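In this text, all values refer to a predicted model and were calculated from it rather than measured experimentally.
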Amino acid sequence: MDNGHAASASTPENATSADILSQALPSILQIKGYNPQATETKWQKAWEAQGQFRTDTADKNKPKYYALSMFPYPSGRLHMGHVRNYAITDVIARFKKMNGFNVLHPIGWDSFGLPAENAAIKNNASPKKWTFDNIAFMSEQMKRMGLSYDWDREVYTCREDYYQWTQWLFLYLYDKGLAYKKEAPVNWCNECNTVLANEQVIDGRCWRDDSLVVKKRLNQWFFKITDYADRLLENLPQLTGWPDRVTLMQKNWINRSTGAEIEFSVENKPDTRIAVFTTRPDTIFGATYMVLAPEHPLVAELTTPEQKQAVDAYIKATQLKSEIERTATDKEKTGVALGTFTINPYTQKKMPIWISDYALAEYGTGALMAVPAHDERDFAFAKKFSLPIEVVVQNPNNPPNNPNVVSDDVYTDYGTLINSGEFDGLSSEEAKEKITAFAEQNGFGQARVQYRLRDWLVSRQRYWGAPIPILYCDACGAVPVPKDQLPVLLPEDVDFSVTGKSPIETSKSFQQNVNCPSCAKPARRETDTMDTFVCSSWYYLRFLDPHNTEKPFDPDIIKRWMPVDQYVGGIEHAILHLMYSRFFMMALHDGDCLGFAKEDKKGDEPFANLLTQGMVLKDGAKMSKSKGNVVAPDDIFNEFGADTARFFILSDSPPQADFDWKDSGVEGCFKFLTRVWRLFDEYFKTAAKLEDDQIALPAYDQMGGEIRSLYQLVNKTVAGVSEDIEKEFQFNTVISKIREFVNALGKVSSETQQSPVYTVALINLLKLLAPIAPHLSEDLWAGLGLYDEIGSIHLQAWPKVDVQALTADAVEVVVQINGKLRDKFQATPSTPKEELEAKAKASPKIQEYLAGKEIKKIIVVPGKLVNIVVG
RNA sequence: GCCCCGGUGGCGGAAUGGUAGACGCUGUGGACUUAAAAUCCAUUGGUAGCAAUAUCGUGCCGGUUCAAGUCCGGCCCGGGGCACCA
């Protein structure tokens with residue numbers, strides 16, 4: 001998926017991975033033995049030939065596990081962020097497979113979007129070719145990484161066998177009243193020459209190119225995500241497998257406010273009403289003026305002839321401002337009075353009507369009642385334009401009847417009402433209810449919930465996207481293309497050299513033989529295409545049934561496989577993609593498209609668990625071409641192999657944290673894998689080939705000495721590694737445990753090496769290593785003779801823990817005096833408290849410390865410590 | 001401004017309230033080698049000491065506890081999200 005900020009498109013050079021493979025290997029590899037390049041190619045071919053990772057979604061014999069990386073935008077070549085993302089998901093997928101799950105691990109291409117079109121404009125070539133070339137290159141790179149994808153399920157959002165169903169989805173939403181066209185102030189990017197969704201504007205700038213976004217009033221297509229605002233919010237606490245910060249970001253983005261909508265009448269205009277939204281109806285007696293957004297539809301009507309010139313000038317000035325200038329919070333307030341007045345329905349006082357850009361057209365009703373005594377923005381505005389300020393909530397820190405407006409310290413908290421007629425003395429909470437009820441009883445208002453979330457603007461004035469399946473007929477207006485006439489094909493006879501309009505408008509074929517489906521008269525096609533986020537927000541469903549030509553997917557398969565068990569990707573999609581996907585899932589569920597029963601909550605949420613991986617940094621900074629600190633994955637594959645790259649990128653940091661790339665770290669990992677290789681190479685010299693991985697071990701109580709402690713270490717390592725993967729995917733500690741294990745294996749005596757325990761240790765080591773370094777472990781597995789006997793290591797069962805061997809024979813017990821470490825001694829884990837205490841006291845060192853002191857208390861933690869408290 | 005998340009050696013990072021610094025990177029010394037690379041061994045938080053050892057040490061201040069990196073309160077710093085949302 002495109003993360004926007006890394007979207008600068010790069011064209012791949014003409015290298016293929018075959019060329020890369022044939023390059024001479026650097027000297028570090030010329031040491032005898034481990035040769036990752038040959039090993040990796042060999043096994044990749046073998047796995048592919050066997051179809052080892054193809055998933056039969058109909059197989060019910062095993063529990064299902066759906067592992068998913070956010071699919072990539074084919075920008076040119078993989079970067080380290082991709083490598084990290086795919087390595088994490090691949091280890092999870094392989095681990096789950098070895099643990100008996102039927103694992104689905106698919107991949108595809110989020111392949112519509114602007115970089116392809118920009119490249120096309122630059123080279124006057126086809127975006128399709130650019131995209132497909134990139135996909136060819138990047139899928140080769142993925143294959144070189146040894147990722148366990150089910151390639152049969154590969155989807156391309158830019159291919160008609162996919163976007164046909166994106167169009168179907170549009171029509172589905174249209175039928176449900178969830179897709180509509182309206183004229184509204186929208187975000188416009190001059191660089192991209194298109195509108196943007198609210199979520200794609202970051203700090204007033206375009207998410208893609210950082211240029212300033214301007215507001216334009218345009219007729220555009222929207223998806224009614226606001227219909228789902230409450231459900232999107234209410235479900236968040238149930239997403240326990242998501243990072244808190246992501247659910248929190250979504251909560252803040254939706255931002256639900258409760259309050260009231262209240263209608264104000266206008267002086268001398270008995271038929272005109274202005275509705276305002278307020279979260280503070282309790283302060284309504286302090287409302288002293290009203291502000292409309294400059295775009296408010298009543299502005300013209302409410303402007304007096306005397307004020308018209310000033311008002312028009314203000315509106316014009318507002319339109320010229322960029323979004324960022326307009327919404328800067330530290331900006332001084334501006335505005336113009338319309339010359340007319342509204343009546344406060346509670347005080348019956350006249351309130352002047354103003355326009356100001358601090359009122360937002362898209363929020364609430366586009367109009368607000370201003371209470372300067374209890375709102376900082378209103379206060380600043382009132383001060384500047386000398387408008388009246390009325391205190392109606394007593395600040396508990398001020399003495400009674402000592403209004404707080406003397407200072408600039410506006411009281412915005414709740415309190416007790418004053419100067420509010422019959423509502424005096426009520427708390428703000430009570431007053432909110434009663435004042436709203438009063439409006440309701442008298443027919444001029446009601447309680448209302450308002451969200452900050454806006455409807456999703458999905459039309460784009462660009463070529464390389466899924467055409468919106470709508471026709472325009474002079475007689476019938478906007479008419480949906482009948483579903484059986486999908487896909488509406490993206491035309492190829494377009495001219496990319498035109499400027500100022502979408503290239504799609506230059507196509508002749510696109511508008512040929514287009515007739516209205518209802519009246520059969522000639523019609524025109526909609527030339528806008530859909531936001532690529534539409535394509536990418538339902539792909540996880542298509543992966544389950546990618547070749548279906550009748551439907552987007554089969555509900556029975558969806559029901560069996562959804563939700564995604566583990567989703568892995570960047571935090572930058574916390575709001576955009578993840579919220580859109582949740583919305584689609586809910587909307588499809590409501591139309592019974594997903595096979596789940598209506599009330600089944602499982603039909604609501606697409607991703608049960610989410611892991612947001614950190615960035616890959618180098619020298620403390622994000623890798624970027626301009627900084628010159630980019631490390632190319634191919635270079636690492638060439639020099640050290642994919643296993644080293646995978647092992648390293650999972651090592652130093654937990655997956656959620658940023659990862660600092662260090663060249664010396666990669667080398668260290670390569671050396672480690674070489675050491676593993678040598679460990680086995682030594683073993684192969686003397687050992688016979690194995691027939692299976694069930695080695696006859698002596699009984700545990702017969703084991704002694706080094707063999708016994710080795711057996712304990714094997715089990716401790718298996719238990720620790722399994723736990724670290726199951727819980728939080730802490731691959732960094734997994735790797736340190738594997739390293740400790742290998743360090744210990746390298747130190748055992750040659751007698752112990754003859755023991756079947758040592759063989760079991762080697763077998764388990766390979767299994768623990770298999771998800772992380774799949775090629776090397778498979779190759780050594782084959783070296784043991786096991787590949788020929790029982791097949792690929794990746795199809796074997798994850799090692800089991802022998803629980804009796806988890807308890808160590810001896811432990812070190814710490815002796816503390818007043819919590820400070822003073823001595824240590826050896827004991828068994830089961831040594832009783834009294835004995836530990838006696839042993840501690842008997843220590844000469846401890847006796848020294850105790851000399852002449854009174855023992856007040858002794859705390860004994862069996863198997864751990866003795867703490868002697870002295871006076 | 002509001003809301004989150006962090007702060008541990010030279011660096012990345014480990015530590016169910018119970019031996020702070022696992023594992024690795026870097027550095028230093030050594031073995032092997034004609035030499036280098038590779039490999040192996042030792043060492044690597046600060047201070048004092050030849051040493052055993054002592055002492056300080058997880059952003060700062062305080063608290064709870066036999067015991068605090070970990071829990072509580074207050075601050076400082078860094079990062080992120082939202083931000084004129086009525």
pair_partner(B:rG12), Watson-Crick or wobble, both distances < 3.5 Å, evaluates to B:rC23
ring-ring contact (aromatic ring centres under 6.0 Å, His included) filter on A:His577, not counting sequence neighbours, yields A:Tyr567, A:His573
| task | May I ask you to evaluate whether A:Arg822 reaches the phosphate of B:rU55, defined as a side-chain N or O under 4.0 Å from OP1 or OP2? | result | yes
Spacing of the P atoms in B:rC75 and B:rG81 (rounded, Å): 24 Å
A:Lys727 atom NZ is separated from B:rU16 atom P, nearest whole Å, by 7 Å
message: Once you measure the plane-to-plane angle for A:Phe381 and A:Tyr289, does it fall in the parallel (<30°), tilted (30-60°) or perpendicular (>60°) bin?
response: parallel
task: For B:rG27 and B:rC72, measure between their P atoms and round to the nearest Å.
output: 41 Å
Taking a pair to mean Watson-Crick or G-U wobble geometry with both distances below 3.5 Å, B:rU39 pairs with B:rA31
Exercise. In whole Å, what separates the C1' atom of B:rC61 from that of B:rG79?
Worked result: 24 Å
#### Entry: Sugar-phosphate only, base, or nothing, as touched by A:Ala370 at under 4.0 Å among non-hydrogen atoms
nothing
Which of B:rG24, B:rG81, B:rU39 is nearest the side chain of A:Asp652? It is B:rG24
Under a 3.5 Å limit on both distances, the Watson-Crick or wobble mate of B:rG7 is B:rC76
Query raised in the report: For atom P, what is the distance between B:rU16 and B:rG21, given to the nearest Å?
Result: 13 Å
- Task: Determine the interplanar angle of the A:Phe647 and A:Phe672 rings, folded into 0 to 90°, and report it as parallel if under 30°, tilted if 30 to 60°, perpendicular if over 60°.
- Result: parallel
Result for 5'-nearest mapping on RNA chain B, choosing between A:Lys845 and A:Leu821, is A:Leu821
On the nucleotide B:rA83, are OP1 or OP2 found under 4.0 Å from the side-chain N or O atoms that A:Tyr358 carries? no
Under a 4.0 Å heavy-atom cutoff, the residues of residues 853-861 of chain A touching RNA chain B are A:Lys857, A:Ile859, A:Val861
- Query: Base, sugar-phosphate alone, or nothing: which one does A:Phe825 contact when heavy atoms must sit under 4.0 Å apart?
  - Reply: nothing
Atom CZ of A:Phe670 and atom C1' of B:rA37 are separated, to the nearest Å, by 13 Å
Residue pair A:Pro654/A:Gly364 against RNA chain B: nearer the 5' end by closest nucleotide is A:Pro654
Answer for the Watson-Crick or wobble partner of B:rU65, both distances under 3.5 Å, is none
inquiry  = Between B:rC40 and B:rC25, how many Å separate the two P atoms, rounded to a whole number?
reply    = 11 Å
Under a 3.5 Å limit on both distances, the Watson-Crick or wobble mate of B:rC2 is B:rG81
Is the shortest distance from a Lys or Arg side-chain nitrogen in A:Lys737 or A:Glu740 to a carboxylate oxygen in the other one below 4.0 Å?
no
Taken to the nearest whole Å, NZ/A:Lys662 to P/B:rC25 is 9 Å
So what does A:Val814 hit on the nucleic acid, given a heavy-atom distance under 4.0 Å: a base, only sugar-phosphate, or nothing? base
Rounded to whole Å, the CE-C1' distance (A:Met579 to B:rG81) equals 13 Å
*Could you tell me whether A:Lys215 and A:Glu362 make a salt bridge, using a distance below 4.0 angstrom between a side-chain N and a carboxylate O?*
yes
*How about A:Phe222 and A:Trp456: are their ring centroids closer than 6.0 Å?*
no
Measure the acute angle between the ring planes of A:Tyr346 and A:Phe444, then classify it against the limits of 30° and 60° as parallel, tilted or perpendicular. perpendicular
Taking atom types as modelled and ignoring hydrogens, do the side chains of A:Asp663 and A:Trp661 form a donor-acceptor contact shorter than 3.5 angstrom?
yes
Expected label for B:rG9 (glycosidic angle, syn inside 90° of 0, else anti) would be syn
Separation of B:rG18 atom P from A:Gln816 atom CD, nearest Å, is 11 Å
Between B:rU43 and B:rG80, how far apart are the two C1' atoms, rounded to whole Å?
40 Å
Fill in: N or O in side chain of A:Asn732 less than 4.0 angstrom from B:rG12 OP1/OP2
no
Pairing partner of B:rA48, by Watson-Crick or G-U wobble and under 3.5 Å for both distances, is B:rU53
| Which part of the nucleic acid does A:Lys824 contact within heavy-atom distance under 4.0 Å: base, sugar-phosphate only, or nothing? | base
Looking across every strand, which nucleic acid part, if any, lies under 4.0 Å from A:Asn743 by heavy atom: base, sugar-phosphate, or nothing?
sugar-phosphate
A:Ile571 CD1 to B:rG80 C1', in whole Å, measures 9 Å
Rounded to whole Å, CD of A:Gln826 lies from C1' of B:rU19 at a distance of 13 Å
Picking from B:rA14, B:rG81, B:rC41, the nucleotide nearest the side-chain atoms of A:Met249 would be B:rG81
Practice task
Just call it for A:Glu362: base, sugar-phosphate, or nothing, with non-hydrogen atoms closer than 4.0 Å on any strand.
Solution key: nothing
Picking from B:rC23, B:rA86, B:rU19, the nucleotide nearest the side-chain atoms of A:Asp375 would be B:rA86
Q. Which is true for A:Ala359 with a 4.0 Å heavy-atom rule: it touches a base, it touches only sugar-phosphate, or it touches nothing?
A. base
Check whether A:Arg280 reaches the backbone of A:Thr412 with its side chain - one donor and one acceptor, N or O, closer than 3.5 Å. yes
In whole angstroms, the gap separating C1' of B:rG80 from CD of A:Gln656 amounts to 16 Å
Side-chain donor/acceptor contact of A:Asn867 with base of B:rC66 under 3.5 Å
yes
| field | Whether A:Phe670 and A:Tyr34 hold their rings parallel, tilted or perpendicular, with breakpoints at 30° and 60° | value | parallel
Exercise. Give one of base, sugar-phosphate or nothing for A:Arg454, where a contact means two heavy atoms less than 4.0 Å apart.
Key: base
Next on the checklist: Measuring only the C1' atom in each nucleotide, how far is B:rU70 from B:rG6? A whole number of Å is fine.
Outcome noted: 14 Å
Quiz item: Counting any heavy atom closer than 4.0 Å, what does A:Arg452 reach on the DNA or RNA strands: base, sugar-phosphate only, or nothing?
Solution: base
Q.
Mind checking if A:Ser257 touches a base, just sugar-phosphate, or nothing, with heavy atoms under 4.0 Å?
A. sugar-phosphate
For A:Ala447, the side-chain contact (heavy atoms from CB on, under 4.5 Å) test, sequence neighbours excluded, returns A:Thr436, A:Glu440
key: Atom C1', compared across B:rC4 and B:rC56: separation rounded to whole Å   = 35 Å
